[in-house]
Amino acid sequence: MHNQKKHAGSASAFLGILPYLLGGIAIPFVGIAGESTAVPMGITMVIANLGGLLSYLLFVRKNPSA
């Protein structure tokens with residue numbers, strides 16, 4: 001948000017709603033096999049973590065050669 005001073009409010013609102021949006025998308029996948037197994041929850045957690053790592057590598061990490 002530091003680089004987007006003009007749009008800081010919109011950026012803050014987007015970052016605030018993002019966990020609820022992603023959680024709402026993930027809920028049906030977590031409960032898809034019922035209450036007897038936690039495998040869908042584990043798979044959803046792995047996918048979410050891989051998405052976070054990919055986001056970090058693409059958008060946050062600085063170029064080491066610079």
Shortest non-hydrogen pair, Ala33 vs Ser36, comes out as O-OG, 4.0 Å
Item checked: Ser12 side-chain N/O to Ala8 backbone N/O, donor-acceptor pair under 3.5 Å -> no
Value for CD1 (Ile47) from CZ (Phe29), rounded to nearest 0.5 Å, stands at 8.5 Å
Do Val30 and Met45 belong together in a cluster built from hydrophobic side chains that touch within less than 4.5 Å? yes
Output for pair (Asn49 CG, Leu54 CG), nearest 0.5 Å, gives 12.5 Å
Self-check item: Cluster link Leu22 to Phe14, ILVMFWY, side chain under 4.5 Å
Solution: yes
Sequence neighbours excluded, the answer for side-chain contact (heavy atoms from CB on, under 4.5 Å) partners of Leu53 is Leu57
